[in-house]
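Quick notes on the structure that follows.
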Amino acid sequence: MAEEEKNQENIRPSWDVYFMQIANTVATRATCDRGRAGCVVVRDRQILVTGYVGSPRGLPHCDDVGHYMKKMIHDDGHVSQHCVRTIHAEQNAIAQAARHGVALKDGTMYVRMTPCRSCAMLIINVGIKRVVCEKKYHAGQESEELFKQAGVELEYFSEEVLQYKNQ
């Protein structure tokens, strides 16, 4: 081992940082370039399941055939576009847990940004007790309120809103 390597002190990450780093590595498998997101669900410092943004099994991926965009008109009148070809990292993680008989009750979920409203409802129903996000989602206010009402802890590494392609 080189002398320089011996003298470098190893800085061990906190558990939250460690699992978020893993979620970001999982995100590298995502197949939609609008929001390459990954998810890790943990209980008692053990990984239970991972998920990333991707199309359902056997269906084409955005990276291969392009996006399938839908417009959404919000209550305040503004219009946003969403790719509906893929399912979210949180949904994929929950589906993987169901497929393999893994209970997520009392787990902690690590994700890039605040889960959307649909994901938040799923997260609540499977019994996840804590969600740790790297940043905020631009339309995450409803999810924040749902988590608060359901008693799900929601924590952020940063209050910054995550920016992504064609937001």
_Would the distance check show the side chain of Arg112 and the main-chain N or O of Arg36 forming a donor-acceptor pair, the cut-off being under 3.5 Å?_
yes
*Looking only at heavy atoms, what is the nearest atom pair of Val152 and Ile128, with distance?*
CG2-O, 3.6 Å
*Hey, could you give me the CD1/CG distance between Ile123 and Leu146, rounded to the nearest 0.5 Å?*
10.5 Å
*Same cluster or not: are Val41 and Tyr18 linked, directly or through other Ile, Leu, Val, Met, Phe, Trp or Tyr residues, by side-chain heavy atoms under 4.5 angstrom apart?*
no
_Pairwise side-chain contact, Val26 with Cys39, heavy-atom cut-off 4.5 Å (strictly under)_ = no
*pair Cys62-Tyr68: side-chain heavy atoms closer than 4.5 Å*: no
*Keeping the roles fixed (side chain from Asp44, backbone from Gln46), state whether a donor-acceptor pair exists under 3.5 Å.*
no
_As a quick check of understanding, evaluate side chain to side chain donor-acceptor pair (under 3.5 Å) for Glu145 and Gln149, giving each step before the final call._
CA-CA 6 Å; Glu145 185 56 36; Gln149 290 174 15; 3.2 Å; yes
*Does the side chain to side chain contact (heavy atoms under 4.5 Å, CB included) test come out yes or no for Arg34 and Cys83, once each step is laid out?*
CA-CA 8 Å; Arg34 289 191 74 247; Cys83 178; 4.1 Å; yes
_Within a 6.0 Å radius of atom CG on Leu59, are there more than 12 heavy atoms belonging to other residues, nucleotides or ligands?_
yes
*Report yes if the side chains of Met121 and Asn125 come closer than 4.5 Å at any heavy-atom pair, otherwise no.*
no
*Would you check if His88 and Cys119 make a side-chain contact, meaning some heavy-atom pair closer than 4.5 Å?*
yes
*asked:* Can you confirm whether Val131 sits close enough to Pro115 that some side-chain heavy atom of one is under 4.5 Å from a side-chain heavy atom of the other?
replied: yes
*Which atom pair, heavy atoms only, marks the closest approach of Ser143 to Thr114?*
CB-CG2, 4.1 Å
*asked:* When you compare the side chain of Asp63 with that of Asp33, does any pair of heavy atoms fall below 4.5 Å?
replied: yes
*Measuring from Met72:CE to Lys70:NZ, what's the distance to the nearest 0.5 Å?*
12.5 Å
*For Arg29, does the CZ atom sit with more than 12 other heavy atoms under 6.0 Å from it, leaving out its own atoms?*
no
_Donor-acceptor contact below 3.5 Å, side chain Ser158 vs main chain Lys135_ = no
*Give the cluster check for Ile94 versus Val84: same hydrophobic cluster or not, with ILVMFWY residues linked at side-chain heavy-atom distances below 4.5 Å.*
no
*Could you tell me whether Asp75 atom CG has more than 12 heavy atoms of other residues or ligands within 6.0 Å of it?*
no
*Please work out whether the ring planes of Phe19 and Trp15 are parallel, tilted or perpendicular, with thresholds of 30° and 60°.*
parallel
_Could you report the tightest heavy-atom contact between Ala37 and Ala89, atom names first, then the distance?_
O-CB, 3.6 Å
*Do Lys136's NZ or CZ and the ring of Tyr156 fall within the cation-pi criteria of under 6.0 Å and 45°?*
yes
_For Thr31 versus Gly54, what's the shortest heavy-atom pair and its separation?_
OG1-CA, 3.3 Å
_Min side-chain heavy-atom separation Glu134-Asn24 under 4.5 Å_ = yes
*asked:* Do Lys148 and Leu154 make a side-chain contact, defined as non-hydrogen atoms from C-beta onward lying under 4.5 Å apart?
replied: no
*Work out which heavy atom in Thr50 is nearest to a heavy atom in Val40; give both atom names and the distance.*
CG2-CG2, 4.1 Å
*NZ/NE/NH1/NH2 to OD/OE distance under 4.0 Å, Glu155 and Arg130*: yes
*Identify the two heavy atoms, one from Arg85 and one from Pro60, that lie closest to each other, and give their separation to 0.1 Å.*
CD-O, 3.4 Å
*Within one Ile-Leu-Val-Met-Phe-Trp-Tyr cluster: Val132 and Tyr52, side-chain cutoff 4.5 Å*: yes
Donor-acceptor pairs under 3.5 angstrom involving side-chain atoms of residues 95-111: please list them, not counting sequence neighbours.
from	atom 1	to	atom 2	distance (Å)
Gln96	OE1	His100	NE2	3.4
Tyr110	OH	Asp16	OD1	2.6

*If only atom types and distance count, is the side chain of Asn92 paired as donor or acceptor with the main-chain N or O of Val53 below 3.5 Å?*
no
*Point-to-point distance, once rounded to the nearest 0.5 Å, from CE of Met20 to CD1 of Ile22*: 11.0 Å
